[in-house]
Novice: 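Submitted below is the structure of interest, expressed as structure tokens.
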Amino acid sequence: MGENVTFWERLVIGHPVCSDWKQEAEGSIYHLASVLFVLGCMGGSGYFGLLYVYILFAISFLCISIWAWMDVCAADVFSWNFILLLICIVQIIHLAYQLRSVTFDKEFQDVYSAIFKPLGISLTIFRKIISYCNAEVVTLERDHCYAVQGKTPIDKLSLLVSGRIRVTVDGEFLHYIFPLQFLDSPEWDSLKPSEEGIFQVTLTAETKCRYVTWRRKKLYLLFAKHRFLARLFSLLISSDIADKLYTLNEKVFVDSGFRFDIRLPNYYHRALSDQEPSTSPMIRIQKSP
């Protein structure tokens with residue numbers, strides 16, 4: 001114990017006490033380095049936050065190295081700060097490469113900022129969603145069809161980025177699809193991964209449209225590897241279907257003129273059973289056998 005006390009005494013009070021402090025301040029380079037170091041400690045998280053931190057740290061260590069070399073003439077101070085400077089430069093290069101590798105086209109960036117970023121999905125995870133599934137941005141000219149009723153197979157999932165899509169069944173208007181809505185969420189939700197099907201509606205571009213599309217099988221393979229992505233897309237698709245249903249709710253009437261509320265399906269069936277078949281319903285609704 002005595003040896004420990006002797007060691008600590010030698011470490012703490014065993015050195016000469018500063019009896020005469022320097023009256024003049026250090027040079028401006030030293031103070032600039034200190035300010036930059038303090039600002040660097042205020043950086044945030046994420047790629048851009050880390051890039052901010054390491055850039056300010058690198059400039060700070062560079063200033064200290066210059067100060068140690070020119071003013072203090074201390075080789076050890078210069079060496080350590082120069083090593084720290086090199087470490088920061090390596091980190092900056094690594095982060096810059098990571099940022100370069102997760103940059104996307106404008107459409108992908110808009111989708112990420114509007115949908116995935118608010119849910120806490122990182123750029124790295126979004127890159128997997130884009131690259132693994134061979135996602136691509138497709139242009140649909142005005143009056144061209146994305147899907148034709150009874151003909152187009154359900155083999156992809158698409159999200160509208162710009163424009164407006166008109167949805168019809170047997171030539172009758174159902175609703176519009178607007179930007180940041182899925183084009184085929186009901187079709188996706190109606191099929192199991194092993195099933196195949198065809199569209200029961202026609203989707204036509206009313207204006208020039210651009211959409212992001214994923215291959216259905218590729219998405220299922222991605223979901224098998226990352227279950228949280230499967231839950232994420234399930235949430236997004238369910239919300240999209242709910243929006244479409246409530247849009248339809250404003251347009252669906254039974255034959256007598258009563259509005260059909262999707263939240264009260266039992267009332268709809270009772271009301272419809274008491275009415276005569278209509279020759280021109282607003283939207284054709286078939287009774288269950």
Novice: Cluster question for you: counting only ILVMFWY and a side-chain heavy-atom cut-off of under 4.5 Å, with indirect links fine, are F199 and L191 together?
Specialist: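 In one cluster with F199: L191, yes.
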Novice: Could you list all the salt bridge (charged side-chain N to carboxylate O under 4.0 Å, His left out) pairs where at least one residue sits in residues 64-80, not counting sequence neighbours?
Specialist: none
Novice: Measuring only between side-chain heavy atoms, which start at C-beta, is F78 closer than 4.5 Å to I64?
Specialist: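 No, too far: nothing below the 4.5 Å cut-off.
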Novice: Listed by chain and number, what are the side-chain hydrogen bond (donor to acceptor under 3.5 Å, both in side chains) partners of T213, not counting sequence neighbours?
Specialist: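 Expected list: S158.
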Novice: So, taking the atom named CG in L222 and the one named CD1 in I130, what distance separates them when rounded to the nearest 0.5 Å?
Specialist: 10.5 Å
Novice: Would you call I177 and K244 a side-chain contact if the rule is heavy atoms closer than 4.5 Å?
Specialist: yes
Novice: So do V53 and F57 actually touch side chain to side chain, heavy atoms under 4.5 Å?
Specialist: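 Yes, their side chains come closer than 4.5 Å.
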Novice: Would you call K156 and D184 a salt bridge, taking side-chain N to carboxylate O under 4.0 Å as the test?
Specialist: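 Salt bridge flag = no for D184 with K156.
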Novice: Could you list all the salt bridge (charged side-chain N to carboxylate O under 4.0 Å, His left out) pairs where at least one residue sits in residues 35-47, not counting sequence neighbours?
Specialist: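 Not a single pair qualifies under salt bridge (charged side-chain N to carboxylate O under 4.0 Å, His left out).
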Novice: Under the side-chain hydrogen bond (donor to acceptor under 3.5 Å, both in side chains) test, which residues partner E107, sequence neighbours left out?
Specialist: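 By the side-chain hydrogen bond (donor to acceptor under 3.5 Å, both in side chains) rule, E107 matches R210.
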Novice: Go through the structure and list residues passing salt bridge (Lys or Arg N to Asp or Glu O under 4.0 Å) with R216, not counting sequence neighbours.
Specialist: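 Here no residue qualifies.
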Novice: Just to verify, what does W188 make a side-chain hydrogen bond (donor to acceptor under 3.5 Å, both in side chains) with, not counting sequence neighbours?
Specialist: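 Not a single residue meets the side-chain hydrogen bond (donor to acceptor under 3.5 Å, both in side chains) criterion with W188.
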Novice: Please enumerate all residues that pass salt bridge (Lys or Arg N to Asp or Glu O under 4.0 Å) together with R164, with sequence neighbours excluded.
Specialist: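 Checked R164 against salt bridge (Lys or Arg N to Asp or Glu O under 4.0 Å); matches are E206.
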Novice: With Q149, which residues qualify under side-chain hydrogen bond (donor to acceptor under 3.5 Å, both in side chains), at least two apart?
Specialist: D170
Novice: Any side-chain heavy atom of L140 within less than 4.5 Å of one from Y211?
Specialist: yes
Novice: Find the distance between CG (L229) and CD1 (I129) and round it off to the nearest 0.5 Å.
Specialist: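 These two atoms lie 5.0 Å from each other.
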Novice: side-chain hydrogen bond (donor to acceptor under 3.5 Å, both in side chains): which pairs involve residues 189-200, sequence neighbours left out?
Specialist: none
Novice: Mind checking salt bridge (Lys or Arg N to Asp or Glu O under 4.0 Å) for E187 and listing every partner two or more places apart, or none if nothing turns up?
Specialist: none
Novice: Evaluate the ring planes of F108 and F126, with Trp represented by its six-membered ring, and classify them as parallel (under 30°), tilted (30 to 60°) or perpendicular (over 60°).
Specialist: perpendicular
Novice: Identify every side-chain donor-acceptor pair in residues 81-95 under 3.5 Å, counting partners at least two apart or on other chains, and give the distances.
Specialist:
{"residue": "N81", "atom": "ND2", "partner": "V77", "partner atom": "O", "Å": "2.8"}

Novice: Is it the case that atom OH in Y54 sees more than 12 heavy atoms from other parts of the structure closer than 6.0 Å?
Specialist: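 For Y54, atom OH is not crowded (no more than 12 foreign heavy atoms under 6.0 Å).
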Novice: Taking atom SG of C209 and atom CG of L183, what is their separation to the nearest 0.5 Å?
Specialist: 8.0 Å
Novice: If we only count heavy atoms from C-beta on, is the L56 to F37 side-chain gap below 4.5 Å?
Specialist: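 L56 vs F37: side chains apart.
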Novice: Donor-acceptor pair, S79 side chain versus A75 backbone, under 3.5 Å?
Specialist: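 Confirmed, S79 side chain pairs with A75 backbone.
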Novice: Look at the rings of W214 and F182 and say which category their plane angle falls in: under 30° parallel, 30 to 60° tilted, over 60° perpendicular.
Specialist: tilted
Novice: Hydrophobic clusters here meaning ILVMFWY residues chained together by side-chain heavy-atom distances under 4.5 Å, can you tell me if L219 and L235 are in one?
Specialist: no
Novice: Rounded to the nearest 0.5 Å, what's the gap from OG1 on T204 to CZ on R166? Could you check?
Specialist: 5.0 Å
Novice: Does a side-chain heavy-atom distance below 4.5 Å link I198 with T152?
Specialist: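 SC-SC contact between I198 and T152 ruled out.
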Novice: Assign the ring pair Y220 / F223 to parallel, tilted or perpendicular, where the plane angle (0 to 90°) is split at 30° and 60°.
Specialist: perpendicular
Novice: Side-chain contact, heavy-atom cut-off 4.5 Å: F116 with I125?
Specialist: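 No; the side chains remain at least 4.5 Å from each other.
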Novice: For the CZ atom on F48, are there more than 12 heavy atoms of other groups (residues, nucleotides or ligands in this structure) within a distance under 6.0 Å?
Specialist: no
Novice: Could you state whether M70 and L36 fall into the same hydrophobic cluster, counting links through intermediate Ile, Leu, Val, Met, Phe, Trp or Tyr residues with side-chain heavy atoms under 4.5 angstrom apart?
Specialist: yes
Novice: A side-chain contact here means heavy atoms from C-beta on lying under 4.5 Å apart; do L159 and V111 qualify?
Specialist: yes
Novice: Give, for atom CZ of F173 and atom OG1 of T202, the distance between the pair rounded to the nearest 0.5 Å.
Specialist: 13.0 Å
Novice: Please, which pairs that meet salt bridge (charged side-chain N to carboxylate O under 4.0 Å, His left out) have at least one residue in residues 220-234, sequence neighbours excluded?
Specialist: none
Novice: Roughly how far, to the nearest 0.5 Å, is the SG atom of C63 from the CG atom of L32?
Specialist: 4.5 Å
